[in-house]
Amino acid sequence: MAGGRKISQLVFPRVVALITTCNREGKPNVAAFSFLMPLSFNPKYVAFSIDPSRYSYLNLQETGEFVVNIPTETMLSQVWICGSRSGRETDKFRLAGLTKLESVKVRPPRIEGCPVQLECRLEFDRKFGDHHLIVGKVLEEHVETLDFKPVTHYSGRTFLRVGGTVEA
Ligand SMILES: Cc1cc2nc3c(=O)[nH]c(=O)nc-3n(C[C@H](O)[C@H](O)[C@H](O)COP(=O)(O)O)c2cc1C
C-alpha cells in the first residue's frame, strides 16, 4: 500500500537542474527539475520527469529540444524562482537575473554561471502516473568546472547541503 509520504521524501537528495526549453517561435523558458538522472555513458543520455501541466512540457512538445544546466549552491534563490513561478505568466530569466548564452546545437539557451550545460534532443516521452518521463540525447556538452557544489533538493522548500567526499 502506498504510504503517506511523497516519493520525493523517500528518494533523496536529488541534484537540481535548470532546464531550458523554447516554443516554436523561439521564446525561451527555464524551470527547476530534480527528478533527473544520467542514463547512458556512450552516447550520453539523460532523463527527467515532468508534470505535463508545466509550461516547459508544452515547449518540449513543440520543439523537442532542451538544455540541462546544473546550477551551483550559490544560485539557490534563482533555482527557487525557476521552480515556483511559471513561464506562462513571467519571464523567469529576467525575474531571476539569469543570463542566456546561445547554444551550439539546439535553440533553447544555456545559462551563464551553470558550470555544466548539456544540449539535448528529446528522443522519448512517456506518461508514468502523474508525470512524463523524458529522455534526451546529449548533442553537445559544456563543462566549465566540476569543482562546485550542486543544489540538492529534498522536498518542497527544503534542500540538503553537499558535504565532503568519502571513499568506498
Ligand atoms: C527544486 C525544485 C525541483 C523541481 N523538480 C521538478 C521536477 O523534477 N519535475 C517537475 O515536473 N517539476 C519540478 N519542479 C516544479 C517546477 O519547477 C515548477 O512547477 C515550475 O514552476 C514549472 O515552470 P514552467 O511552468 O515555466 O515550466 C521543481 C521545483 C523545484 C523548486
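As the structure lists them, so they are numbered: ligands from 1, and atoms in each ligand from 1. Keep in mind it's a predicted model, so treat the numbers as computed, not measured.
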Quick check: does [X] get an N/O under 3.5 Å from an N/O on ligand 1?
| X | answer |
| --- | --- |
| Trp80 | no |
| Ser49 | yes |
| Gly87 | yes |
| Arg88 | no |
| Phe35 | yes |

Got the closest protein heavy atom to [atom], with its distance?
| atom | result |
| --- | --- |
| atom 25 (O) of ligand 1 | Ser86 OG, 2.7 Å |
| atom 23 (O) of ligand 1 | Lys92 NZ, 3.0 Å |
| atom 22 (C) of ligand 1 | Arg54 CD, 3.6 Å |
| atom 5 (N) of ligand 1 | Ser34 N, 3.0 Å |
| atom 18 (C) of ligand 1 | Gly83 O, 3.3 Å |
| atom 27 (O) of ligand 1 | Ser56 OG, 2.6 Å |
| atom 7 (C) of ligand 1 | Phe33 CD2, 3.4 Å |

Should the heavy atoms of other residues, nucleotides or ligands under 6.0 Å from CD of Glu89 be counted, would the total exceed 12?
yes
Which atoms of ligand 1 have any heavy atom of [X] under 4.0 Å away?
| X | result |
| --- | --- |
| Ile50 | 11 (O) |
| Phe159 | 1 (C) |
| His153 | 1 (C), 2 (C), 3 (C) |
| Ala31 | 22 (C), 23 (O), 27 (O) |
| Tyr55 | 24 (P), 25 (O), 26 (O), 27 (O) |

Part of Arg85 with heavy atoms under 4.0 Å of ligand 1, whether side chain, backbone, both or neither:
backbone
Which part of Asn29 is near ligand 1, with near meaning a heavy atom under 4.0 Å away: side chain, backbone, both or neither?
side chain
Does a side-chain heavy-atom distance below 4.5 Å link Phe148 with Glu73?
no
Measure the shortest side-chain to side-chain distance between Glu119 and Phe66 over non-hydrogen atoms and say whether it is less than 4.5 angstrom.
no
Looking only at heavy atoms, which two atoms of [X] and [Y] are closest? And how far apart?
| X | Y | result |
| --- | --- | --- |
| Thr63 | Cys22 | OG1-O, 3.0 Å |
| Val67 | Pro108 | CG2-O, 3.4 Å |
| Val16 | Ser34 | CG2-CB, 4.1 Å |
| Pro109 | Phe93 | CG-CZ, 4.1 Å |

Is there a heavy atom in [X] that sits closer than 4.0 Å to ligand 1?
| X | value |
| --- | --- |
| Tyr57 | no |
| His131 | yes |
| Arg14 | no |

Starting at [atom1] of [X], measure out to [atom2] of [Y] and round the result to the nearest 0.5 Å.
| X | Y | atom1 | atom2 | answer |
| --- | --- | --- | --- | --- |
| Ser40 | Asn42 | OG | CG | 6.5 Å |
| Leu60 | Ile19 | CG | CD1 | 8.0 Å |
| Glu144 | Cys114 | CD | SG | 9.5 Å |
| Arg107 | Asn59 | CZ | CG | 10.0 Å |

Would you say the side-chain atoms of Asp51 and Ser53 include a donor-acceptor pair closer than 3.5 Å?
yes
Of Ser8, Ser84, Ala32, Cys82, the residue with the heavy atom nearest atom 28 (C) of ligand 1 is Ala32
With ring centroids as reference points, do His132 and Tyr57 lie under 6.0 angstrom apart?
yes
Would you please indicate yes or no on a ring centroid separation below 6.0 angstrom for Phe48 and Phe35?
no
